[in-house]
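All remarks here apply to the structure that follows.
From a predicted model like this one, the values you see are computed outputs, not experimental measurements. Residue numbers start from 1 in every chain, and the chains themselves are labelled A, B, ... in the order their sequence lines are given, proteins ahead of strands.
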There are 2 protein chains.
Amino acid sequence: MKKKSIKDIAQELGLSKTTVSFVLNNKGDEKNISKKTQEKILAYVREVNYQPNQIAKSLKKGTTHTIGYLVPDISNPFYAKIGRLIEDVLADKGYHLLIGSTDEKQEKEDALLNMFVNRQVDGLILASTFENLGMLKTLSAQRFPMVFFDREHPDFIGNYILVENKNAMKEAVNTAINKGAKKIGLLSITPNIYSLKLRIDGYRESLVENQLNVDEDLMRIVDNSRIKESTQEELNYLMDKDVDAVVFTNNQITALALWAMNINHKDKIDSVRFVSFDNLDLFDYSNPKVNSIAQPIDSIANHLVDILHEVMQSTERVSKRIVLEPKLIERL
Amino acid sequence: MKKKSIKDIAQELGLSKTTVSFVLNNKGDEKNISKKTQEKILAYVREVNYQPNQIAKSLKKGTTHTIGYLVPDISNPFYAKIGRLIEDVLADKGYHLLIGSTDEKQEKEDALLNMFVNRQVDGLILASTFENLGMLKTLSAQRFPMVFFDREHPDFIGNYILVENKNAMKEAVNTAINKGAKKIGLLSITPNIYSLKLRIDGYRESLVENQLNVDEDLMRIVDNSRIKESTQEELNYLMDKDVDAVVFTNNQITALALWAMNINHKDKIDSVRFVSFDNLDLFDYSNPKVNSIAQPIDSIANHLVDILHEVMQSTERVSKRIVLEPKLIERL
DNA sequence: ATGAAAGCGCTAACAT
DNA sequence: ATGTTAGCGCTTTCAT
């Protein structure tokens, strides 16, 4: 038994597709369809459990009620949580999420962007690598509804929901210094992303302000392509240099360092201070404890959807840049 | 400038839609389109960066190259990771994921199932709550391609990728007992799911086999609707009873208990033994350490896609039940 | 109060 | 070697 279409329903009831369509779309009254016809249709539709084909609807109306969610890695807790929050608020509006992970690779990002566009998503929420501005600029020129978060690119004007990076990092490092840290290393993934650069700047500024030596040798960049091993090596390097604190620029690298720490430097777990941009629930019970800069994910998610919604409505060009305040969570 | 359609391309090149369509779908040779025409089309298409409308394609072909991924919570690391793995292998085949989180609520699950079906997804990968067998059975009767994982329902025949629950749990508890645990509590979310029941059975069997007292009072079920507070209360209860080990039936509850432990029972962190079904990376550096039963997520993801693919191909009814072996990770 | 018909962008059987 | 045409399932304008 094939799926029923509006045509089937109409035939079986001896009505026209038009009438059925009107009623199904709650335009029965407006279109002067008699009460009994309306009831007849609704009853029948319920009886046979008719389900409209959204693809056909989408083709006709040019809108899919689908939003693309493009991030480096949907399994990263930060993106997963924001994804979940977005999913919930979008679902209330009848929108759903098509997802895509880029692994920070431009080719993947481009392919996914094309995919999203071809599938006629109504809008895009993205943590872009910003390596191919061309494509993004083209979309932007076509007024394709997009809202960016987590990262920004100075040369790309668009809608951004961001958090304060530099000052938040500076304050977190200040706190560590006030608590006694004197030799502070830094571990970061490749800072090809502007936000990461800002975080590193914050670290630098704190050292300067506190008259600590800014030692480039203590700022270690891990090799993204072999991130686990590289983190381990660089952490070892820092521990050998006897740093009393390590600053991390995102949650992924902090988690890896926690792992490496438990393997190679158990003895120093209680004497070293970890400071991480991005929070993870596990920092509450990790060993060592971590002071973290928590991004306000609920607020980020809400703003993302709000702005996207606004952009999808309005015909004028919108370019908002909203910067939210992260919160330092002190655990040690 | 509106998006170009095949019709535009055809007109601008003085050809028919058919010819253009054939060439775009690599049927140029097969359909005897001359080399020069083919080249002309391809060059032009590249020049204007024509992008086919997948919605139109989908309507015509009845296939969307979209798979629905329905889970309790996409931000749970277990589902997020499997989601990511699936995304990657599906992307290679040109498929993409539409996601939906149910929060274990039947209404949400039903709504999402309808949504997926209306959007004509080609298949479904689901960790169902199995509270509404009716809907699932209807889909199954229509041969809708579905593969289930993480949970199963004895009354529902379908394709399942599962892990061994009972024996894995039994062995994990045995290990704890061998290492000295004598009074072992259990903390679980509401075991309305068959897999959870099996895990609890495993715990029970281990106690029996080891001639330990099976005390129902030490088997605590938390209230899902206020899971954080409830976990805290129940953990407190068990600690007051002086258990020397606690068994958890999934990662979510273990993570919450770790948090509660660090708030309320710091003193006992080194004397209590945690055993968790499901692994989390953070168990490597959590405090207390946790022995965990790690599900083989890569293998689960691969099987899910393989079987789904198989089901989508074949016209016969397939019902495979694949049970994978989890692995006990000992950390203490 | 209801229906006929066109059309969204694409594919493919069937001409020519 | 290329074109004509019908049709996927729906919405909507314009008739009646």
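- R119(B) and T66(A) are linked by a side-chain donor-acceptor pair at a separation below 3.5 angstrom, with hydrogens and angles left out of the test.
- Close to dT2(C), at under 4.0 Å from its OP1 or OP2, lies no side-chain N or O of T18(A).
- Look at CG on N32(B): it is 5 Å from P on dA1(D), rounded to the nearest Å.
- Which of dC10(C), dT11(D), dC10(D) sits closest to the side chain of A56(B) comes down to dC10(C).
- At a threshold of 4.0 angstrom between heavy atoms, the contacts of G14(A) are confined to the sugar-phosphate backbone, with no base atom among them.
- Close to dG9(C), at under 4.0 Å from its OP1 or OP2, lies no side-chain N or O of N53(B).
- Checking the phosphate oxygens (OP1, OP2) of dA4(C), no side-chain nitrogen or oxygen of S16(A) falls inside 4.0 Å.
- Each of Q54(B) and K31(B) was matched to the nucleotide of DNA chain C holding its nearest heavy atom; the match closer to the 5' end belongs to Q54(B).
- A salt bridge is defined here as a Lys NZ or Arg NE, NH1 or NH2 lying under 4.0 Å from an Asp or Glu carboxylate O, and K3(B) with D8(B) fails to meet this definition.
- In this structure, the CZ atom of R119(B) is 18 Å from the P atom of dG9(D), given to the nearest Å.
- Using cut-offs of 30° and 60° for the angle between ring planes, the Y69(B) and F149(B) rings count as parallel.
- The pair D122(A)-K61(A) does not count as a salt bridge, with every side-chain nitrogen at least 4.0 angstrom from each carboxylate oxygen.
- Contact annotation: Y50(A) does not reach the phosphate of dG9(D) (side-chain N/O to OP1 or OP2, under 4.0 Å).
- Counting any heavy atom pair closer than 4.0 Å across all strands shown, K27(A) reaches sugar-phosphate atoms only and no base atom.
- If you check every strand for non-hydrogen atoms under 4.0 Å, K35(B) touches nothing.
- An OP1 or OP2 oxygen of dG9(C) is reached within less than 4.0 angstrom by no side-chain nitrogen or oxygen of K57(B).
- Among the atoms of the strands shown, only primed sugar atoms or phosphate atoms (P, OP1, OP2) are found under 4.0 Å from some heavy atom of S34(A).
- The listed nucleotides are dT5(D), dT2(D), dC10(D); the one nearest the side chain of K17(B) is dT5(D).
- Summarising the geometry, the separation between CD1 on I41(A) and P on dC10(D) is reported as 14 Å, rounded to the nearest angstrom.
- Close to dC8(D), at under 4.0 Å from its OP1 or OP2, lies no side-chain N or O of S5(A).
- Atom CZ in F22(B) sits about 10 Å away from atom C1' in dC14(C), given to the nearest Å.
- Backbone-only contact: L15(A) has heavy atoms under 4.0 Å from sugar-phosphate atoms and none from a base.
- Within the 4.0 Å cut-off from OP1 or OP2 of dG3(C), at least one side-chain nitrogen or oxygen of T19(A) is found.
- Within the 4.5 Å cutoff, no side-chain heavy atoms of D306(B) are placed close to those of L308(B).
- dT2(C) atom P lies 15 Å from atom CD of E30(A), rounded to whole Å.
- Judged by a 6.0 Å distance limit and a 45° cone about the ring axis, K31(B) is positioned over the six-membered ring of F22(B).
- With rounding to whole Å, Q51(A) atom CD is found 15 Å from dG9(D) atom P.
- Look at S21(A) and you won't find any side-chain N or O under 4.0 angstrom from OP1 or OP2 of dT12(D).
- Rounding to whole angstrom units, CG of residue L13(B) and P of dT2(D) are separated by 12 Å.
- Look at S58(A) and you won't find any side-chain N or O under 4.0 angstrom from OP1 or OP2 of dC8(C).
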